[in-house]
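What follows is one structure encoded as structure tokens, with my remarks underneath.
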Amino acid sequence: MLSVELAEGNVHQYAKGISIGEIIYNVYGKKSGCVAALVDDCERDLSFTLTESCKVEPIFGDSEAGMFILRHSCAHLLAQAVTELYPSAKPTIGPPIDHGFYYDFEMNPIGDEDLRKIEKKMQEHVRSNHTIIREEYENAELRDMFSSNPYKIEIIDEKVGDHGSTVYQQGDFTDLCLGPHVPSTSHLRWFKLTSTSQAYWRGDSSLTSLVRIYGMCYPTKEGLKGRIKQLEEASKRDHKKIGREMELYMIDEQIGKGLPVWLPNGEILKSEIEKYAVETEEEYGYVRVTTPVLAKKELFETSGHLPHYADGMYPPMKMDDGTYYLKAMNCPMHHLVYKSKKRSYRDLPLRVAEYGTVYRNELSGTLAGLLRVRMLSMNDAHIYCTLDQIAAEVASNVQMVQDYYSKFGFEDYSFRLSLWDPESTEKYIDQPENWKATEDRLRSIMDDLGVNYTEAIGEAAFYGPKVDIQFTTALGREESMSTIQLDFAAKERFGLTYMDDKGVENGEVMVIHRAPLSTHERFVAFLTEHWIGNFPTWISPIQVQIITISERFSEYATELGSKLKEQRIRVAIDDSDSTIGRKIRTHRKMRPAYMVIIGEEEVANGTVSVRARNGDQRNGVLTEHFLQEIKDEISSRSPRLSLV
RNA sequence: GCCUCAGUAGCUCAGCUGGUAGAGCACUGGAUUUGUAAUCCAGCGGUCGGGGGUUCGAUUCCCUCCUGGGGCUCCA
């Protein structure tokens, strides 16, 4: 006999050789939704048999760990269907991911119809309820078993030692896998294949191109339906859709991919954001410059862009006095601003800001609305400081980012420390000791600030580590927004120095690149998705939409409009002869902060009726009172509608 | 750049297996003068993304290019 302690702390006695499944079914019932268990904190299949006393804790399908197992098993189910329908397909890897799973196959590209066919086959296997069996094999046996699949052999070479490993079998399908898995395929009922894409073996574009199939999987019908609903809701936030509706920007193929045109409404957003940034940076002690959008090749060779970032730049233009490139970053020119005169320690930190555009040759397939573009409007700046000043400068930039975000109502973001990848030195300036020192410095600054962050290898800029602030878009893609980057290379490359307080020329100038508002394009995209177009009043393209009940009240409406305009409030008037219901319906699309309704009563009493975007309404507001309140709301840059 | 799906009026979409196109909204004109998510009538509007091919005939089938969505890679 052996004693098994269940999670609640009660100990049961069982005969040796009993499986976890038997115990769990006994205690929790067959329909508990249990998919696996922790045996002494180690994940095991339910078929695992016990030989000694231990602690057993069930893993239910609706727990995080359980869903991971479920999704992993669903990936196997997918591979089972694919290999059956396409016998030449070679499965490679198929991990669980958030909301679902994917599996990469070497096979001929497939389309939507295939996806439905595969889905159907998977459903069949769910109904057949194959038992999922775990088996242990020696290394040599595994090689034999997977001899026709070079990918699996590669995995065996790499991960499976002499002790061998396990395979999981369901029906005719067998996959090399450590598990654990759900006990049988009937647990995998609530899945849906979502898309296919190309992926590379080991993520390396020089290796075989594979077909990746994505799916989602949930323990219950409600879970799956909920997720589908959630995705539908999210797509309503899509800035591309709202951007078209609100006439924020356009992209015209005659201009080019990734080159958005800011339409008047979008330009208002952009310039309000810029105005705010100018004020903020004045407070923080920045000076502003403007530099050209292109410069000679030699400058970008000095900066290191051409050796390390050439792929990201537009191709060169040959002129009679040399070869020019469009700038992908402002830094080289700002370094020249720094060097334009002899600098003293009294000048530092020197904070050079620029509002302008840079041009990057992003891969055409990555371009997406305003989220990824080739012309980037930036609220860029470079800070030149001594080593002692770095911590304070990073801190004030983290603070600035947090202040901006709270002003714009962003709450859901995370900090990421982006480090270099010592394995791919060609992407970076190859000075390992400088990388280590600068990364350690940045890490300890972040630790001192008490900001939570994750670390990411291979996400650094070519000249140094950075702090990126990460967001997830409405459609679930993670993107970097703001960035604070340390640059240990510029001082040498450009010979940046200052005269220190001993009268000695000092070359220890650290450059901090920072863009707290991301690019205007990306920022506005996030802002649009976050607010679903219902922007805070101070940036709203239309702050007040005046609507008349009939044309008889046009005069009063025009007067009110003039009063608002005098206060620099953005106002539009609709005194057409349409009905009030229709006007409200029509103007909702443009999402004005407030609609003001003017009719008999208002004219008689010198009042307005104020209707907010959410439908809340306040009637009989004295015009003067309305003016004062909306002025206050705008000047305080409040993220909330205060008038209703 | 690669894989995949798509491309019909300014927008949202319909158009069965080939016989050169429709609706709603928007826009213009008229009627109506309206109290909170669509008043009525009429009109304007499309080389069916571009080019090539198959065919008596192509929006429809094939090829190719362009553009867009999703993904890979890359990145603010």
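In what follows, every heavy atom counts, from backbone to side chain, and hydrogens, waters and symmetry copies are set aside. Throughout, a chain's letter reflects where its sequence line sits, starting with A, and its residues are numbered from 1.
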remark   = Closest to the 5' end of RNA chain B, once R374(A) and S482(A) are matched to their nearest nucleotides, is R374(A)
First of D238(A) and I469(A) reached from the 5' end of RNA chain B, by closest nucleotide = D238(A)
Would you measure the distance from the [atom1] atom in [N] across to the matching atom in [M] and give it in whole Å?
{"N": "U20(B)", "M": "C65(B)", "atom1": "C1'", "value": "24 Å"}
{"N": "G51(B)", "M": "G43(B)", "atom1": "C1'", "value": "35 Å"}
{"N": "U60(B)", "M": "G15(B)", "atom1": "C1'", "value": "10 Å"}
{"N": "G50(B)", "M": "G10(B)", "atom1": "P", "value": "13 Å"}
{"N": "U59(B)", "M": "A14(B)", "atom1": "C1'", "value": "13 Å"}
{"N": "G30(B)", "M": "G35(B)", "atom1": "C1'", "value": "25 Å"}
{"N": "G1(B)", "M": "C61(B)", "atom1": "P", "value": "26 Å"}
{"N": "G45(B)", "M": "G57(B)", "atom1": "C1'", "value": "27 Å"}

Nucleotide nearest [X] when distance is taken to its side chain, options [options]:
{"X": "L363(A)", "options": "A76(B), U33(B), U73(B)", "result": "U73(B)"}
{"X": "R552(A)", "options": "U33(B), G35(B), G70(B)", "result": "U33(B)"}
{"X": "E551(A)", "options": "U33(B), A76(B), C11(B)", "result": "U33(B)"}

Please confirm whether the shortest side-chain N or O distance from [X] to OP1 or OP2 of [N] is below 4.0 Å.
{"X": "K589(A)", "N": "A26(B)", "value": "no"}
{"X": "R514(A)", "N": "A76(B)", "value": "no"}
{"X": "S364(A)", "N": "G1(B)", "value": "yes"}
{"X": "Y102(A)", "N": "G71(B)", "value": "no"}
{"X": "K240(A)", "N": "G70(B)", "value": "yes"}

Flag if over 12 foreign heavy atoms under 6.0 Å of CD, E555(A) = no
task = Return the stems involving RNA chain B, sorted by first number, where pairs are Watson-Crick (N1-N3 with N6-O4 or O6-N4) or G-U wobble (N1-O2 and O6-N3), both under 3.5 Å, and runs are 3 or more long.
result = B:1-7 with B:66-72, B:10-13 with B:22-25, B:27-31 with B:39-43, B:49-53 with B:61-65
query = Is the centre of the Y463(A) ring less than 6.0 Å from the centre of the F488(A) ring?
reply = no
ask   = Do F105(A) and Y103(A) have their ring centres less than 6.0 Å from each other?
value = yes
Identify whether any heavy atom of [X] sits under 4.0 Å from a base atom; if not, whether one sits that close to sugar-phosphate; answer base, sugar-phosphate or nothing.
{"X": "S518(A)", "value": "sugar-phosphate"}
{"X": "E245(A)", "value": "nothing"}
{"X": "E362(A)", "value": "base"}
{"X": "G256(A)", "value": "nothing"}
{"X": "T519(A)", "value": "base"}
{"X": "Y214(A)", "value": "sugar-phosphate"}
{"X": "K241(A)", "value": "nothing"}
{"X": "M595(A)", "value": "nothing"}
{"X": "L371(A)", "value": "base"}
{"X": "V373(A)", "value": "base"}

Gap between atoms [atom1] and [atom2], on [X] and [N] respectively (whole Å):
{"X": "D574(A)", "N": "U33(B)", "atom1": "CG", "atom2": "C1'", "value": "14 Å"}
{"X": "I484(A)", "N": "A76(B)", "atom1": "CD1", "atom2": "C1'", "value": "13 Å"}
{"X": "Y103(A)", "N": "C72(B)", "atom1": "OH", "atom2": "P", "value": "18 Å"}
{"X": "D98(A)", "N": "G71(B)", "atom1": "CG", "atom2": "P", "value": "14 Å"}
{"X": "M250(A)", "N": "U67(B)", "atom1": "CE", "atom2": "C1'", "value": "14 Å"}
{"X": "F462(A)", "N": "A76(B)", "atom1": "CZ", "atom2": "C1'", "value": "15 Å"}
{"X": "L367(A)", "N": "G68(B)", "atom1": "CG", "atom2": "C1'", "value": "11 Å"}
{"X": "I93(A)", "N": "C72(B)", "atom1": "CD1", "atom2": "P", "value": "13 Å"}

request  = Could you encode protein contacts along nucleotides 36-41 of chain B as a string, one character per nucleotide from 5' to 3', using B for base contact, S for sugar-phosphate-only contact and - for no contact, with a heavy-atom cut-off of under 4.0 Å?
outcome  = BBBS--
Check the side chains of [Y] and [X] for a donor-acceptor pair under 3.5 angstrom, ignoring hydrogens and angles.
{"X": "T291(A)", "Y": "E354(A)", "result": "yes"}
{"X": "D575(A)", "Y": "S554(A)", "result": "yes"}
{"X": "Q399(A)", "Y": "N397(A)", "result": "no"}

Do the ring planes of [X] and [Y] sit parallel (below 30°), tilted (30 to 60°) or perpendicular (above 60°)?
{"X": "Y428(A)", "Y": "W435(A)", "value": "perpendicular"}
{"X": "H308(A)", "Y": "F462(A)", "value": "parallel"}
{"X": "Y413(A)", "Y": "F471(A)", "value": "parallel"}

ask   = If you measure from OG1 on T454(A) to CD on Q470(A), what distance do you get to the nearest 0.5 Å?
value = 7.5 Å
ask   = Looking at CD1 of I539(A) and OG1 of T537(A), how far apart are the two atoms once the value is rounded to the nearest 0.5 Å?
value = 9.5 Å
request  = Specify the closest pair of heavy atoms between E281(A) and N379(A), including all atoms of both residues, with the distance to one decimal.
outcome  = OE2-ND2, 2.8 Å
Stepwise ring pair (Phe, Tyr, Trp, His ring centres under 6.0 Å) test for F410(A) and Y405(A) = CA-CA 5 Å; F410(A) 293 161; Y405(A) 289 3; 5.8 Å; yes
